[in-house]
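Indexing begins at 1, ligand by ligand and atom by atom, following the structure's order. In this text the structure is predicted, and so the values were computed from the model without any measurement. Heavy atoms only: backbone and side chains are in, while hydrogens, waters and symmetry mates are out.
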Amino acid sequence: MASCYWVAILVIIIGEAGCFVEGGNVTYDGRSLIIDGQRKILFSGSIHYPRSTPQMWPSLIAKAKEGGLHVIQTYVFWNLHEPQPGEYDFGGRYDLVKFIKEIQAQGLYACLTIGPFIESEWTYGGFPFWLHDVPNIVYRTDNEPFKFYMQNFTTKIVNLMKSSGLYASQGGPIILSQIENEYQNIEKAFGEAGPSYVRWAAKMAVELETGVPWVMCKQTDAPDPVINTCNGMRCGQTFSGPNSPNKPSMWTENWTSFYQVYGGEPYIRSAEDIAFHVTLFIAKNGSYINYYMYHGGTNFGRTASAYIITSYYDQAPLDEYGLTRQPKWGHLKELHGAINSCSETLLQGNPSNFSLGQLQEAYVFEEEAGGGCVAFLINNDGRDDNATVQFRNMSFQLPPKSITILPDCINVIFNTAKVNVVYNERRTNVSEVFNEAERWQQFKDLIPNFLDTPLKADTLLEHMNTTKDKSDYLWYTFSFQTNSSCTEPVLHVESLAHVAHAFVNNVYAGTAHGNHDVKKFTMDIPVDLNDGMNNISILSVMVGLPDSGAFLEKRFAGLATVEIHCGDMENSYNFTNNYTWGYEVGLLGEKLQIYNTEQNLENAPEWTKIDQYLSSKQPLTWYKTAFDAPVGDDPVALNLSSMGKGEAWVNGLSVGRYWVSFYTSEGNSSQTLYHVPRSFLKSTENVLVLMEEFGGDPLHISVETISLTNLCQPSFISNHYIPS
Ligand SMILES: *[C@@H]1O[C@H](CO)[C@@H](O)[C@H](O)[C@H]1NC(C)=O
Ligand SMILES: *[C@@H]1O[C@H](CO)[C@@H](O)[C@H](O)[C@H]1NC(C)=O
Ligand SMILES: *[C@@H]1O[C@H](CO)[C@@H](O)[C@H](O)[C@H]1NC(C)=O
Ligand SMILES: *[C@@H]1O[C@H](CO)[C@@H](O)[C@H](O)[C@H]1NC(C)=O
Ligand SMILES: *[C@@H]1O[C@H](CO)[C@@H](O)[C@H](O)[C@H]1NC(C)=O
Ligand SMILES: *[C@@H]1O[C@H](CO)[C@@H](O)[C@H](O)[C@H]1NC(C)=O
Ligand SMILES: *[C@@H]1O[C@H](CO)[C@@H](O)[C@H](O)[C@H]1NC(C)=O
Ligand SMILES: *[C@@H]1O[C@H](CO)[C@@H](O)[C@H](O)[C@H]1NC(C)=O
Ligand SMILES: *[C@@H]1O[C@H](CO)[C@@H](O)[C@H](O)[C@H]1NC(C)=O
Ligand SMILES: *[C@@H]1O[C@H](CO)[C@@H](O)[C@H](O)[C@H]1NC(C)=O
Ligand SMILES: *[C@@H]1O[C@H](CO)[C@@H](O)[C@H](O)[C@H]1NC(C)=O
Ligand SMILES: CC(=O)N[C@H]1CO[C@H](CO)[C@@H](O)[C@@H]1O
């Protein structure tokens with residue numbers, strides 16, 4: 001097909017580390033991608049450059065290569081790269097070109113998932129918030145303003161890659177690009193405009209002439225020559241296949257775990273289950289598999305989307321700290337080795353499949369007479385016993401819910417349920433505890449009253465549109481005259497943001513919060529009112545912006561109803577509408593950039609000593625201390641289990657939000673350890689600053705190092721097997 005022809009130049013270049021990377025002509029047919037005329041079965045893994053540090057990239061990529069991957073896939077994070085229209089940032093953790101060059105230096109391929117909508121549990125799905133204020137914009141549909149900015153950014157990225165020679169067609173490592181992301185999930189919401197937007201996006205992308213194929217994931221109507229691919233946990237069972245016989249069967253996101261929300265337990269997907277579904281996909285003609293995530297990393301700063309914890313896909317083959325998680329990493333490495341050893345036959349052989357029993361089947365790839373033969377013997381029966389099957393006059397014992405690989409149709413080299421890898425576990429070693437009050441300083445943030453606020457409005461304003469995402473925090477304030485007939489007053493607040501802290505006449509009155517699945521929450525707290533004038537200040541907090549669904553630009557967050565109910569309901573006050581509200585965006589400490597090590601002396605905050613006995617009771621307080629880097633190279637984490645909710649900075653760099661006081665149904669914090677990359681640290685005098693919203697106890701914070709220990713008994717991990 002003419003449209004499947006990709007112009008390309010074959011170049012061989014010498015990568016930075018001195019190993020050879022062959023770039024070239026990337027095409028495809030119904031069986032696989034074809035790179036320089038050679039069909040390929042490719043294992044890929046997602047590693048997102050801003051979720052780790054440039055200092056970590058070489059070792060993450062090296063461990064991915066050692067684990068048998070051929071490709072590293074990353075999204076491109078629009079909000080980081082274009083913080084204001086036409087203003088770009090590609091430095092430090094955002095250095096996409098450096099990341100791709102590191103992949104190339106290690107002799108791997110890259111898949112660039114531009115999006116530029118990426119979802120990815122990333123705040124606003126990767127969109128810069130300024131898009132919200134573009135007049136008449138509707139995201140991700142046939143809307144001129146949106147298409148303008150989408151095309152503008154996509155072009156910017158493609159041109160950046162081209163100018164660095166990074167496409168395979170130029171001799172670089174990028175063999176694939178993605179446009180849009182799981183769009184079919186929301187396509188119906190846009191009616192006729194949905195399919196026409198898909199056609200526009202495909203055409204726009206193809207016209208950028210990258211010289212390598214484009215994919216659209218979860219998009220069964222991806223227009224030619226864009227390849228439709230599968231995302232999910234079990235694509236060997238769920239994928240309806242390519243939409244053309246000329247396109248290969250590709251799985252662009254095979255979830256190794258699942259993202260975790262505050263209040264949620266980690267999702268533990270066993271090595272055996274992943275190996276089963278990957279092997280099934282290969283057995284059914286699949287030729288490309290990407291692990292989402294291979295390394296999840298850390299949602300530094302305020303980059304996580306609504307209610308998503310700071311640690312991202314810690315259960316991936318490489319954990320948050322970049323340590324190999326066993327047996328997951330090793331078992332998949334063995335699987336990749338087994339498939340690589342017979343990939344020639346898989347790609348050249350004729351596929352056939354037949355039944356071996358009620359719940360057993362064989363998938364066979366056999367070359368012409370005298371050639372190779374590969375068989376996959378599948379036991380779909382999850383019950384305890386082995387199934388005995390006959391295959392080519394030989395008897396095989398197939399363990400429950402497993403696939404056995406025979407690289408020559410005779411000998412077994414791998415079974416997905418048989419783990420031959422030594423299990424490991426993480427250990428922490430406490431390096432320093434800050435349990436002396438003298439080591440800490442504190443700064444109590446200001447609670448603004450109605451009269452102090454710079455912005456007034458006669459209605460409740462929408463949270464995101466007011467903060468412009470400059471801060472998680474928005475103060476809603478009002479003052480009112482009470483009536484002595486209001487007995488037992490209760491402040492009633494309904495909110496569509498994530499958290500609300502109420503202060504009455506500068507005194508903390510209470511807190512309420514929502515959760516990832518239920519957007520609206522209600523707060524009813526008894527309050528003490530003065531006779532006469534009262535000041536009510538409610539701090540509305542967002543824990544990340546939403547990242548999914550149609551009409552993201554129209555989402556409403558913030559306070560929706562505010563009333564004071566008196567003992568007798570007839571005497572209630574309603575402040576929801578037709579009342580003058582005062583607003584303040586962000587906390588005073590944020591405006592002072594209190595977390596920065598270099599302070600502007602003129603308006604430097606007044607830090608004070610902390611009182612050992614009162615320390616754990618104070619809301620909205622900043623804490624500061626200093627510490628030395630732990631000796632050695634082991635990864636470092638802060639143990640914040642004594643804290644409530646807030647954000648932490650080390651040497652002015654945010655290690656992310658924390659929320660340890662949000663317990664799971666089993667009574668655990670979703671995350672207590674917070675990664676501090678080694679590159680954030682100096683050897684001595686590292687400044688740690690925390691913003692604590694509820695009043696946690698800083699005296700029990702510790703700095704810890706993380707290391708791995710091998711386990712003799714794998715029972716702990718096996719118990720967590722989640723059957724499919
Ligand atoms: C690219 O590969 C295709 C298929 O293998 C081949 O037909 C085409 O001539 C190649 N193009 C170049 C420029 O090498
Ligand atoms: C993208 O938009 C910026 C202004 O925001 C403009 O300077 C630039 O030329 C545009 N680029 C393209 C490729 O349209
Ligand atoms: C694999 O490909 C062959 C040849 O195109 C086809 O006959 C067979 O149905 C495919 N198998 C699956 C499971 O799709
Ligand atoms: C071969 O595989 C296909 C796709 O998995 C399946 O629909 C079909 O039933 C299989 N055929 C036999 C004979 O088992
Ligand atoms: C299996 O054995 C039968 C008779 O014992 C023989 O006819 C057949 O060719 C054998 N098949 C294979 C694949 O070896
Ligand atoms: C089940 O099969 C596996 C692999 O074929 C074998 O190692 C194991 O001993 C068998 N188990 C039983 C109980 O037969
Ligand atoms: C733990 O840290 C201490 C120093 O704080 C060190 O002496 C000890 O060897 C470390 N233990 C491990 C297992 O790393
Ligand atoms: C957002 O705020 C601006 C004022 O800053 C206002 O003009 C606009 O109507 C608001 N939009 C929405 C959707 O609330
Ligand atoms: C205030 O008090 C008067 C009586 O003193 C009563 O009539 C009125 O309803 C009260 N207003 C509110 C809002 O409670
Ligand atoms: C308060 O006012 C809001 C908006 O006008 C209204 O929806 C709500 O029902 C009122 N509350 C009561 C208790 O009347
Ligand atoms: C708003 O409140 C004022 C007095 O506070 C009142 O006169 C006016 O009627 C109210 N308007 C509406 C629409 O309720
Ligand atoms: C395409 C696909 O398989 N999607 C599934 C991925 O896994 C999640 C969680 O198990 C399911 O909800 C999706 O339907």
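Within a 6.0 Å radius of NZ in K98, other residues, nucleotides and ligands contribute 12 heavy atoms or fewer. A 6.0 Å sphere centred on CD of E209 holds no more than 12 heavy atoms belonging to other residues, nucleotides or ligands.
When hydrogens are left out, the protein atom nearest atom 13 (C) of ligand 2 is T155 CG2, 3.9 Å; that is the closest non-hydrogen contact. With hydrogens left out, the protein atom closest to atom 14 (O) of ligand 6 is N386 ND2, 3.2 Å, a heavy atom. Of all protein heavy atoms, the one lying nearest to atom 5 (O) of ligand 6 is Q397 O, 2.9 Å. The protein heavy atom nearest to atom 10 (C) of ligand 10 is N574 ND2, 2.3 Å.
Note on ring orientation: taking the six-membered ring where Trp is involved, the planes of Y75 and F77 are perpendicular (angle over 60°, cut-offs 30° and 60°).
Contact annotation for atom 2 (O) of ligand 10: protein present (non-hydrogen atoms, distance under 4.0 Å). Proximity of atom 7 (O) of ligand 10 to the protein is not indicated, since no non-hydrogen protein atom lies closer than 4.0 angstrom.
The distance from the CD atom of E87 to the CH2 atom of W130 is 10.5 Å, given to the nearest 0.5 Å. I564 contributes atom CD1, which lies 7.0 Å from atom SG of C486 (distance to the nearest 0.5 angstrom).
Among the atoms of N152, some N or O lies under 3.5 angstrom from an N or O of ligand 2. Considering backbone and side-chain atoms alike, E563 places an N or O below 3.5 Å from some N or O of ligand 10.
Of all the atoms in ligand 6, the ones that sit under 4.0 Å from a non-hydrogen atom of K418 are 7 (O). The G86 neighbourhood of ligand 2 comprises atoms 5 (O), with distances under 4.0 Å to a heavy atom of that residue. Against a heavy-atom cut-off of under 4.0 Å, N577 is close to the following atoms of ligand 10: 4 (C), 5 (O).
Taking each heavy atom of S270 and D273 in turn, the nearest pair found is OG-N, 3.0 Å.
Judged purely by atom type and a 3.5 angstrom limit, T482 uses its side chain to pair as donor or acceptor with the backbone of N530.
Between R140 and E180, at least one side-chain N (NZ, or NE/NH1/NH2) sits under 4.0 Å from a carboxylate O, which counts as a salt bridge.
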